[in-house]
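Let me begin by presenting the structure, written as structure tokens, before commenting on it.
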Amino acid sequence: MASQPLTEYERKRLENIKRNAEMMASLKLQSKALELSSATKRDRIEKKGYKITPDKKPKSETPVIMRRSLRTRGLPPDPSTAKGLVDNILPPPLKTLSTLPPKSPTAAKLGPLSFQEANMGDSSNRIFIDSIMDMLDNTSFGKRHLVGSGGSLDLDSMVLKQENVVSVMPGKISNLRFFPSDYRSMIVAGDKFGNIAFWDVDSKGSDGIYLYQLHTTSISGISIHPFNLSKVFSCCYDGLVRLLDVEKESFDLVHSSDNTIVSLSQWPQDANSICFSEGRGVLNVWDMRAGKSSSSWVLHDDRINTIDINPENTNLMVTSSTDASACIWDLRQIDAGRPKNLMVVNHKKSVHSAYFSPTGSCLATTSTDNNVGIFSGADFMDKSMVYHNNHTGWLISSLRAIWGWDDSSLFIGSMKREVDVISIEGNTRSLQSSDMSAIPCRLAVHPQKVGTLAASTSGGQIYLWTQS
DNA sequence: CATCACCTTAAGACA
DNA sequence: TGTCTTCCAGGTGATG
């Protein structure tokens with residue numbers, strides 16, 4: 001501690017901070033359970049009404065309330081949130097504040113989290129479990145990609161029905177995925193409060209949304225194994241990686257780190273390994289059986305935002321990084337202690353995503369330098385840069401171009417509250433709907449259902465586009 | 001060179 | 001309707 005004399009003001013401020021810290025510490029655990037039940041009900045009750053009329057909600061409180069109570073009660077143990085809380089009480093100097101909350105490595109539970117204690121919603125764990133089980137039992141795995149159906153997708157037939165504008169969770173959605181099931185449409189989404197929501201789209205009833213808090217800060221990645229639907233992983237800036245275990249009715253702890261975990265991926269042919277990025281540029285390959293890292297490489301100079309494995313040649317991995325590059329690696333060949341670098345894509349600014357196309361023969365990158373890079377042809381040598389406004393600021397999740405159901409087009413959210421569709425030739429069209437009242441920043445396509453696309457917002461909503 | 005303060009931005013809550 | 005808070009982006013410009 002510096003030995004500076006404290007002014008009256010400063011002393012008071014410190015008291016407040018201390019008080020807050022104590023309050024948070026004491027509430028940390030129990031408040032979670034408390035939140036769960038209280039917030040839960042509200043959320044659930046509204047859900048239906050909210051679902052149908054996203055514009056207004058007269059008497060009933062929307063789930064958003066939950067967000068508020070969460071923070072007000074000091075649930076979040078992490079420093080950044082604590083800072084915000086203190087700021088509310090004492091406006092002026094945030095300067096010293098940043099130093100005050102000792103970077104506590106989060107108060108996350110370092111162990112499995114039961115459905116019971118993680119459930120933030122009103123929905124029954126039993127129904128959730130049954131739904132998942134039902135999906136596991138009835139999903140068949142044929143060819144994963146509907147390749148070759150080129151041109152079968154008619155954008156004009158894609159619609160956003162009003163009932164498919166749904167508020168599934170309180171916070172900004174940072175990630176979403178479809179379960180790769182031809183039997184059922186189920187979406188998993190993660191938000192900035194560490195919540196994971198499962199939306200069972202086909203359950204048209206009042207229920208169908210299951211909300212769990214697995215983490216303490218923003219979810220940074222979700223991965224579902226393409227052929228093993230029970231392998232649902234989540235990772236978070238809080239340094240944890242968790243795995244859904246339906247049979248044990250819990251979210252297991254796979255790994256905990258002092259560093260942030262930024263992205264996560266799996267190999268199509270191997271359900272016993274995962275890989276995730278950690279801190280500034282580190283990539284870990286994790287052996288699930290051994291319960292430890294089997295490889296760890298520094299691949300970038302800054303955070304790795306996405307990791308993607310080539311579906312055709314699973315030795316190829318592509319990473320995108322804040323260091324303004326995206327790289328393709330050959331995992332078979334180790335070169336100077338790390339995988340051989342086959343290709344570097346240079347952008348002028350941070351690269352927020354890099355994804356292989358469904359056939360694996362193309363690559364798409366998205367950067368805040370306002371370009372979407374498209375690479376095709378032999379060794380991805382045919383390159384084109386398509387201008388696209390990717391400037392989101394920090395309130396909206398960065399935009400990421402994802403591939404549709406074949407190699408012909410990319411989908412990416414637009415600041416104009418539209419979903420832009422970029423053809424591989426570089427032409428841009430867009431999906432528009434007056435029901436998209438917010439920016440659809442993160443997207444996901446249903447692997448088995450052509451024309452079914454989900455877009456998420458900073459307000460916890462999902463727009464589900466379908467083919468009419 | 002590394003760290004820090006500050007600003008931008010959209011969206012919901014609230015007055 | 002206007003105002004206020006958000007907050008792990010990222011650039012810029014100042015400071016140590």
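As the structure is a computational prediction, the values presented were derived from the model and not from experiment. Within every chain, numbering begins at 1; the chains are lettered A, B, ... in the order of the sequence lines, protein sequences first and strands thereafter.
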What is the distance, rounded to the nearest whole Å, between atom NZ of A/K416 and atom C1' of B/dA11? 20 Å
Considering only side-chain heavy atoms of A/I396, which listed nucleotide, B/dG12, B/dA11, C/dC8, is closest? B/dA11
Side-chain N,O (A/H352) to OP1/OP2 (C/dG10) below 4.0 Å: yes
Please report, rounded to the nearest Å, how far the P atom of C/dG10 is from the CG atom of A/N389. 15 Å
Nearest whole Å is fine: how far is B/dA10 P from A/H391 NE2? 8 Å
Assign A/L395 to base, sugar-phosphate, or nothing according to its heavy-atom contacts below 4.0 angstrom with the strands shown. base
Taking atom types as modelled, find out whether A/R429 and A/N427 have a side-chain donor-acceptor pair closer than 3.5 angstrom. no
Rounded to whole Å, CZ of A/R280 lies from C1' of B/dT3 at a distance of 12 Å
Provide the closest heavy-atom pair for A/H300 versus A/C327 in the form atom of the first, atom of the second, distance. CE1-SG, 3.6 Å
I'd like to know if A/W394 reaches the base of B/dT8 with its side chain such that a donor and an acceptor end up less than 3.5 angstrom apart. yes
Only one of A/L410, A/L443, A/I412 passes side-chain contact (heavy atoms from CB on, under 4.5 Å) with A/I402; say which it is. A/L443
N or O in side chain of A/S350 less than 4.0 angstrom from C/dG10 OP1/OP2: yes
Euclidean distance, atom CG of residue A/D301 to atom P of B/dC1 [Å, nearest integer]: 13 Å
OP1 or OP2 of B/dA10 versus the side-chain N and O atoms of A/R417: is any pair under 4.0 Å? no
From NZ of A/K348 over to P of C/dG10, roughly how many Å is that when rounded to an integer? 17 Å
Less than 4.5 Å apart, side chain to side chain, heavy atoms only: is that true for A/Y210 and A/V168? no
Whole Å only: how far is the CG atom of A/N390 from the C1' atom of C/dG11? 16 Å
